[in-house]
Amino acid sequence: MAEIIRMPKMSDTMTEGVIARWHKKVGDQVKAGELMAEIETDKATMDYESYNEGTVLYLGAKEGEAVKVNDILAIIGKKGEDYKALLEGASQAAETGGSKTPASESKAEPSGIPDTSGIKAEIVLMPKMSDTMTEGVIAAWHKKPGDAVKSGELLAEIETDKATMEYESYHTGTLLYIGAEAGKAVPVNGVLAIIGEPNADWQTLLKAHQAKPAGTETKTQPASVPPAAPSKPTAGATQPAEETAGRIKASPLARKMARELGYDLRKIKGTGDNGRITKRDVENYSPEAEGTAKAAAPAYVLPQVVGKEYFEEVPVSQMRKTIARRLSESKFTAPHFYLTMEINMDKAVEARKSINEISPVKVSFNDLVIKATAAALRQHPDVNVSWLGDKIRKNHHIHIGVAVAVKDGLVVPVVRFADSKSLSRIAAEVKELAQKAHDKKLQPSDWEGSTFTISNLGMFGIEEFTAIINPPDACILAVGGIKETAVVKNGQLVPGNVMKVTLSCDHRAVDGAVGAAFLKTLKGLLEDPVRILI
């Protein structure tokens with residue numbers, strides 16, 4: 001009995017496949033496991049191996065043409081069998097959104113099988129969503145019996161052996177029956193659901209489907225079963241793969257084995273159809289035997305690399321969830337723009353050495369940046385603002401948030417009234433807040449209320465980066481590391497210390513000229529740090 005072969009969904013994002021090449025033509029015999037076509041998806045060109053046996057009666061598209069997922073790819077049956085009624089029935093069902101029974105089902109059924117010709121419903125079978133899939137587990141149903149379903153609507157989430165994928169309905173009607181509850185498995189080509197008119201007799205349709213002989217249903221073959229070997233090799237079966245034009249003909253398993261063993265597929269003789277390389281050919285291939293013909297240049301065989309793929313899934317912490325939510329809101333709602341400036345840090349390096357000779361607490365370059373930033377904000381209050389949606393808050397106090405990396409993510413403790421504090425006081429507070437952050441002892445009062453944020457990755461060797469604004473602040477300063485490089489002074493090329501900073505601004509509250517003026521002042525303060533001590 002002829003069967004329709006439909007375009008499989010070969011990737012989670014695939015909507016159609018382009019026939020790159022047919023390996024069978026109308027009238028050819030095809031066996032289960034034989035290469036039938038090469039199909040180009042949205043991700044790769046993949047081999048399609050037949051899961052049916054018989055004669056190719058019809059091909060749904062020419063080479064280079066596209067076939068939508070679940071549309072007719074081919075029809076396979078007995079030689080000389082009339083398939084036109086089956087094709088017309090499938091076309092009518094597609095035009096009516098699946099509400100009509102295909103013509104092939106309207107014929108009188110064999111004895112013992114109920115007549116389903118008048119039942120306006122269709123059985124939805126579990127699709128083969130990956131090349132190694134044998135069954136799918138229902139991760140979640142997005143429709144329940146009695147719900148209306150439209151073509152293209154999400155019907156269920158199905159967990160395969162590779163991923164959890166969304167299954168969109170190709171039928172329109174009412175969901176009458178589901179083949180398994182959430183968490184249960186359904187074999188490939190098993191009954192996934194029944195969709196049709198509200199009062200359709202789906203029980204009889206299901207009984208008729210279950211009563212059909214196994215040979216009348218689409219056969220599936222586990223991926224672990226090797227393709228059936230042809231009865232007789234073709235004329236070109238013993239030619240090396242390198243002599244065939246175009247793409248090397250090899251089964252997916254043969255390609256994988258050759259890659260792992262370090263074999264060159266072009267040097268392996270294929271014994272499959274049209275010289276196709278099979279698993280057996282790779283197993284029987286001996287690079288040493290080929291090397292005897294070239295004793296002067298023996299082939300080098302790459303050692304086999306044995307590895308194990310493994311991973312673990314870690315639940316997202318509350319801190320990471322908060323970081324993801326807040327920064328996503330900031331990035332996708334606030335129109336960011338970025339201003340980068342290069343600062344000569346020669347005098348800052350010298351000043352820090354002198355400061356640390358008398359300071360009770362060791363002062364870092366980050367402390368100098370905090371102090372200089374606070375002083376620059378005092379001169380440019382239009383940068384020290386917060387965006388509140390329908391209004392802008394101009395902050396007259398200066399609270400600097402300092403990003404601190406911790407085990408679970410990132411926290412931003414706040415140095416309050418930073419413009420009125422000495423460098424040693426800022427250094428002591430930052431060290432205390434950082435320690436509290438690592439010990440998870442920060443209180444809400446320690447991280448709330450910032451008006452401007454600084455993120456410094458210079459200590460990790462990062463020269464330049466951009467940061468995402470920490471709402472409701474309107475700006476954040478990304479600070480890179482100090483790099484010793486050649487600089488021009490008085491027309492001479494001399495060694496110097498340079499640091500790059502990038503200001504991320506929310507364009508709703510801060511304009512480019514305002515941000516540029518702030519950076520110019522910050523540059524002047526850091527290049528002559530005595531000015532921040534006055």
Side-chain angles (χ1 to χ4, degrees), residues 1-9 51-52 69-72 86 89-90 93-94 96-102 104-107 109-110 112-130 133-161 164-222:
M1 182 177 179
E3 291 184 60
I4 291 177
I5 310 302
R6 299 187 180 274
M7 173 64 74
K9 191 179 179 77
Y51 295 97
N52 306 80
V69 169
N70 220 40
D71 278 1
I72 297 175
L86 184 64
T96 58
S99 61
K100 293 186 178 181
T101 305
S104 63
E105 295 180 6
S106 64
K107 295 182 179 180
E109 296 289 344
I113 299 179
D115 180 15
T116 60
S117 58
I119 300 176
K120 296 184 177 180
E122 286 192 44
I123 292 177
V124 180
L125 302 180
M126 172 63 75
K128 189 178 181 72
M129 291 176 156
S130 77
M133 175 181 172
T134 58
E135 66 178 15
V137 176
I138 308 299
W141 283 106
H142 287 264
K143 297 287 184 180
K144 61 182 184 295
D147 287 354
V149 180
K150 293 183 180 179
S151 178
E153 276 192 329
L154 181 61
L155 185 64
E157 294 175 31
I158 299 174
E159 182 182 353
T160 72
D161 56 337
T164 298
M165 304 166 70
E166 295 180 345
Y167 177 81
E168 296 179 353
S169 175
Y170 297 97
H171 306 272
T172 297
T174 300
L175 181 60
L176 304 173
Y177 170 82
I178 58 174
E181 299 292 335
K184 298 296 181 65
V186 178
V188 170
N189 274 355
V191 178
L192 179 64
I194 299 178
I195 296 175
E197 294 187 354
N199 298 320
D201 185 7
W202 61 266
Q203 293 94 337
T204 300
L205 187 64
L206 183 62
K207 289 178 182 178
H209 177 80
Q210 294 171 343
K212 285 182 181 179
T216 64
E217 297 177 5
T218 304
K219 300 175 183 178
T220 61
Q221 178 179 341

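- Summarising the geometry of Ala208 relative to Thr116, their closest heavy-atom pair is CB-CG2, 3.4 Å, with the distance given to 0.1 Å.
- The shortest distance between side-chain heavy atoms of Met126 and Asn189 does not fall below 4.5 Å.
- We find the CG-NZ distance between Leu155 and Lys143 to be 8.5 Å, quoted to the nearest 0.5 Å.
- For the pair Thr174 (side chain) and Leu176 (backbone), a donor-acceptor distance under 3.5 Å is absent.
- Nearest heavy-atom pair, Val186 versus Ala180, reported as atom, atom and distance to 0.1 Å: CG2-CB, 3.5 Å.
- For the residue pair Ala200 and Lys120, the shortest heavy atom distance occurs at CB-O, 3.7 Å.
- A distance of 10.5 Å separates CG of Leu154 from CH2 of Trp141, quoted to the nearest 0.5 Å.
- Among all heavy-atom pairs drawn from Val188 and Pro127, the shortest one is CG2-O, 4.3 Å.
- For the pair Lys184 and Ile138, the minimum side-chain heavy-atom distance is 4.5 Å or more.
- Closest of all the heavy-atom pairs between Val191 and His209 is CG2-CD2, 3.5 Å.
- The line from CD1 of Ile178 to CD1 of Ile194 is 11.0 Å long, rounded to the nearest 0.5 Å.
- Summarising the geometry, atom CD belonging to Glu168 is positioned 14.5 Å from atom NZ belonging to Lys150; distances are rounded to the nearest 0.5 Å.
- Checked against Ser169 for a side-chain contact (heavy atoms from CB on, under 4.5 Å), the options Leu175, Val124, Ile195 give a single hit: Ile195.
- The CD1 atom of Ile5 lies 10.5 Å from the CD1 atom of Ile72; values are rounded to the nearest 0.5 Å.
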| task | Start with the C-alpha gap between Tyr177 and Leu205, add the side-chain angles, then the distance that decides, and say whether side-chain contact (heavy atoms from CB on, under 4.5 Å) holds. | result | CA-CA 11 Å; Tyr177 170 82; Leu205 187 64; over 6 Å; no

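- Distance CD/Glu122 to OG1/Thr172: 10.0 Å, rounded to 0.5 Å.
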